[in-house]
Amino acid sequence: MPELPEVETARRGLEPHLTGRRVIEVRLRRSDLRWPIAHEVRELLPGQRIAAVDRRAKYLLLATAAGSALVHLGMSGALRFLDAGLKPAMHDHYDLLLEDGRLLRYSDPRRFGCLLWQGPGTLHPLLRRLGPEPLGPGFHGDHLWQLARGRTLAVKAFLMDQSIVVGVGNIYAAEALHAAGIDPRRSAGRVSRARYAMLAATVRDILSYAIERGGTTLRDFINPDGQPGYFEQELNVYGREGQPCRRCNARIQCVQLGGRSTFYCPRCQR
DNA sequence: CGACACACCTGGATGC
DNA sequence: TGCATCCAGGTGTGTC
C-alpha cells in the first residue's frame with residue numbers, strides 16, 4: 001500500500017514521538033508476517049532507547065545502540081500511537097510500549113509487512129541490492145539511462161524495480177510517466193537520454209510534493225497520528241480510467257503491465 | 001543475467 | 001441478504 005511518500009510521512013510522524021524514548025516492552029500477538037518477526041526484537045529491543053527514526057527505501061529503521069528494528073508496511077500495514085491499555089483489534093500484530101505510557105501499535109490485515117532486525121554496523125540482506133534514494137544525489141536521468149541500456153521490459157516496470165531506484169510504486173510510477181509524457185509500455189531501453197532526464201525530474205517532483213501533502217490515502221493509509229494523506233486529490237492518471245486527461249482531454253486508459261494495473265493517457269504519453 | 005508468473009493474505013467493492 | 005469473483009499501494013522466489 002505505501003510507497004515512499006507514505007513511508008516518509010509515517011517516519012515524520014514517528015520521529016518526534018520516538019526519538020530519545022525508551023522501549024520498555026515488546027508485545028507480539030502474532031509473528032507470522034511476511035517473515036517471522038525477528039527474535040532480536042523480543043530479546044534486544046526492550047530497554048533500548050531509540051536514537052533515530054530513519055528510512056531507507058520503503059523500510060523504516062528504529063535505530064538503537066543494540067541494532068535497528070526494520071519495519072516494512074507491505075500493502076496494508078500501519079503504525080499508530082495509542083494510549084497504553086487500549087485493547088488490540090484483530091489485525092493489531094504487535095505493540096512497542098514506550099516509557100511515556102503510550103504504545104506504538106502495528107496493524108496489518110494482509111500481513112505482507114515485516115519486522116526484522118539489523119545488527120550494529122551491518123546491512124540487512126534485504127537492503128543490500130537497493131538502488132539510490134530518488135530524493136538523494138545519486139538519482140538522475142543518466143543513472144536511469146545507463147541502467148536501461150539493452151533492457152526490453154516496460155519502462156514502468158523498470159522504474160518500479162527497487163534495484164534501479166527505490167520508493168516508486170504503482171501509483172507514483174504512473175503519475176511520473178504521465179508528467180514526463182512517456183508511454184509506460186515503452187521498452188526501458190528505448191527511452192532517450194533526454195527523456196530520462198525529464199523522468200528523473202518528475203519522479204523527484206511528484207514524490208516531494210506527495211510528501212508535502214502527507215501521502216496518498218486510497219483506502220486505509222493513515223499516518224502515525226491518525227491523519228490521512230491528501231495527495232489522491234492530485235492524481236492525474238492513477239485510478240482515472242475513462243476520465244479525461246487533465247492535460248489533453250483524451251480518455252485515460254488502463255492496461256496490465258507486469259501484472260499491475262497501469263493508467264496512462266494514450267495521447268500525451270508516447 | 002533478464003523477463004515473467006506466481007506466491008503470500010485479507011477485506012472491500014461489484015455483480016448476480 | 002448471500003455468495004462468487006475480482007481487485008488492491010509490495011516484493012522475494014522460482015522457472016525458463
Side-chain angles (χ1 to χ4, degrees), chain A residues 1-11 29-37 55-60 70-79 89-93 106-116 124-131 134 146-177 184-190 203 206-207 210-211 213-223 228-235 237-242 254-263:
Chain A
M1 138 214 296
E3 303 183 35
L4 186 145
E6 293 72 44
V7 179
E8 178 60 22
T9 297
R11 192 197 69 76
R29 278 176 292 275
R30 64 182 297 172
S31 193
D32 55 336
L33 304 184
R34 172 143 203 202
W35 293 284
I37 291 176
R55 179 188 59 73
R56 172 73 173 109
K58 299 173 191 170
Y59 293 89
L60 292 166
L70 214 148
V71 177
H72 197 294
L73 303 175
M75 294 275 266
S76 56
L79 288 163
M90 170 154 44
H91 300 300
D92 296 340
H93 306 313
Y106 179 78
S107 171
D108 186 0
R110 294 177 75 177
R111 307 205 312 280
F112 285 178
C114 60
L115 175 57
L116 301 172
H124 194 282
L126 290 174
L127 303 189
R128 274 180 203 156
R129 289 192 169 74
L130 294 173
Q146 288 288 352
L147 293 177
R149 293 308 85 209
R151 300 289 299 268
T152 58
L153 88 169
V155 62
K156 182 197 173 229
F158 174 74
L159 191 59
M160 289 174 65
D161 181 339
Q162 304 295 297
S163 71
I164 304 298
V165 58
V166 301
V168 183
N170 205 31
I171 296 178
Y172 298 107
E175 295 298 318
L177 286 162
R185 300 167 299 175
R186 178 178 285 271
S187 287
R190 296 182 160 274
V203 165
I206 287 170
L207 295 180
I211 292 168
R213 304 286 281 147
T216 300
T217 296
L218 287 186
R219 284 168 192 78
D220 47 12
F221 172 74
I222 46 166
N223 72 25
Y230 294 98
F231 188 74
E232 76 277 14
Q233 297 160 16
E234 331 268 346
L235 295 177
V237 284
Y238 187 87
R240 296 191 67 243
E241 182 180 16
C254 181
V255 293
Q256 293 298 120
L257 225 49
R260 314 297 297 275
S261 289
T262 300
F263 299 89

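Note on naming: letters A, B, ... go to the chains in the order of the sequence lines (proteins, then strands), and numbering restarts at 1 for each one. For the numbers below, each heavy atom of this structure counts, side chains included, while hydrogens, waters and symmetry mates do not.
In this structure, CG of A:D108 is placed 14 Å from C1' of C:dT11, rounded to the nearest angstrom. Taking atom CG of A:L33 as the reference point, atom P of C:dT11 lies 15 Å away to the nearest angstrom. When rounded to the nearest whole Å, the span between NE2 of A:H124 and P of C:dT11 equals 14 Å. If you measure from atom CG of A:L73 to atom C1' of C:dG9, you get 11 Å, rounded to the nearest angstrom. For the pair A:L159 CG and C:dT11 P, the computed distance is 13 Å after rounding to whole Å. One atom, CG of A:L126, and another, P of C:dT11, lie 10 Å apart when rounded to the nearest Å. Counting to the nearest Å, the P atom of C:dG9 and the NZ atom of A:K156 are 8 Å from each other. Remark: P of C:dG12 and CG of A:L70 are 12 Å apart, rounded to the nearest angstrom.
Taking CE of A:M90 as the reference point, atom CZ of A:R30 lies at 10.0 Å (rounded to 0.5 Å). The CG atom of A:L4 sits 9.0 Å away from atom CD of A:Q162, with the distance rounded to the nearest 0.5 Å. Here the straight-line distance linking atom CZ of A:R34 with atom SG of A:C114 works out to 8.0 Å at 0.5 Å rounding. Separation of atoms CZ (A:R56) and CG (A:L126) is listed at 12.5 Å; rounding is to 0.5 Å.
Pair assignment for B:dC16 gives C:dG2, based on Watson-Crick or G-U wobble hydrogen-bonding distances that are each under 3.5 Å. In this entry B:dC9 has no Watson-Crick or G-U wobble partner, no candidate having both defining distances under 3.5 Å.
A close approach under 4.0 Å does not occur between any side-chain nitrogen or oxygen of A:R260 and OP1 or OP2 of C:dC7.
If you check every strand for non-hydrogen atoms under 4.0 Å, A:Y59 touches sugar and phosphate atoms only. Counting any heavy atom pair closer than 4.0 Å across all strands shown, A:S261 reaches sugar-phosphate atoms only and no base atom. Among the protein residues, A:R129 comes within range of no part of the nucleic acid, since none of its heavy atoms lies under 4.0 Å from any strand.
Closest non-hydrogen pair, A:Y238 versus A:E175, comes out as N-OE2, 2.8 Å. Between A:A173 and A:L159, the shortest heavy-atom contact is CA-CD2, 4.1 Å.
B:dA3 and C:dG9 are spaced 22 Å apart, taking the P atom of each and rounding to whole Å.
Remark: side-chain polar atoms of A:R111 are not paired, donor with acceptor, to backbone N or O of A:G113 under 3.5 angstrom.
Candidate nucleotides C:dG12, B:dA3, C:dG9 were compared by shortest atom distance to the side chain of A:Y238, and C:dG9 ranks first.
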For nucleotides 4-14 of chain B, read 5' to 3', which letter fits each nucleotide if B means a protein heavy atom sits under 4.0 Å from the base, S means only the sugar-phosphate is that close, and - means neither? S---BBBS---
